[in-house]
Amino acid sequence: MKKEDTVKLISAEGFEFVIDKEAAMVSQTIHNMLTSPGSFAETEHGEVTFPEISTTILEKICQYFYWHLQFASGKETEFPIEPELTLELMMAANYLHT
């Protein structure tokens, strides 16, 4: 897979998730960050840092992006969410417009 086909998402703790760009584009916020005209760091380097999103939550969000791609193609499956993550996950999803 080529570097331009992936995106690096960085959590508040500095953990890096390298995921398919197609999966990351599920988020309207990330889509806007990566496709905005001009020379923004996110666009140039293909990486986005989320100083307010913990590693655990960002990992779950990445899992959701891939789940969403499967669901959008007609394969229905349940996306499991642990109860203790619900509030933080909802706040992050709201920010990311997912």
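Side-chain atoms are counted along with the backbone in the values below, which use heavy atoms only and exclude waters and symmetry mates. Worth saying up front: this structure is predicted, and the values here are computed from it rather than measured. We count residues from 1, following the sequence as given.
The shortest side-chain heavy-atom distance between M25 and T35 falls under the 4.5 Å cut-off.
Paired with F79 under the rule ring pair (Phe, Tyr, Trp, His ring centres under 6.0 Å), one option of F65, W67, F71 passes, and it is W67.
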Going through the checks in order, is the side-chain contact (heavy atoms from CB on, under 4.5 Å) test met by E16 and E47? CA-CA 9 Å; E16 299 176 352; E47 60 182 59; 6.0 Å; no

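By the rule that hydrophobic residues join a cluster once side-chain heavy atoms approach within less than 4.5 Å of another member, V26 and I81 end up as members of one cluster. Put simply, I30 and I10 are part of two different groups of oily side chains (I, L, V, M, F, W, Y) that touch within less than 4.5 Å, one to the next. Both L85 and F15 belong to a single network of hydrophobic side chains, linked directly or stepwise wherever heavy atoms of I, L, V, M, F, W or Y lie under 4.5 Å apart.
Shown here for G46 and L34, the closest heavy-atom pair between the two residues is CA-CD2, 4.3 Å. Contact record, I19 with C62: CG2-SG, 4.0 Å, taken as the closest heavy-atom pair.
Note: Y64 and H68 have tilted aromatic rings, judged against thresholds of 30 and 60 degrees for the angle between ring planes.
Applying the side-chain hydrogen bond (donor to acceptor under 3.5 Å, both in side chains) test to residues at least two apart or on different chains, the pairs with a partner in residues 21-32 are Q28-N32.
Atoms CG and CD1, on L9 and I61 in that order, are 9.0 Å from each other to the nearest 0.5 Å.
In this structure, E84 has no salt bridge (charged side-chain N to carboxylate O under 4.0 Å, His left out) partners at least two apart in sequence or on a different chain. With sequence neighbours excluded, no residue satisfies ring-ring contact (aromatic ring centres under 6.0 Å, His included) with Y66.
Within a 6.0 Å radius of OH in Y95, other residues, nucleotides and ligands contribute 12 heavy atoms or fewer.
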Side-chain atoms of residues 49-59: list all donor-acceptor pairs with protein atoms under 3.5 Å, sequence neighbours left out, distances to 0.1 Å.
unit_1	atom_1	unit_2	atom_2	d
S54	OG	I57	N	3.4
T55	OG1	S11	OG	2.7
T55	OG1	E13	OE1	2.7

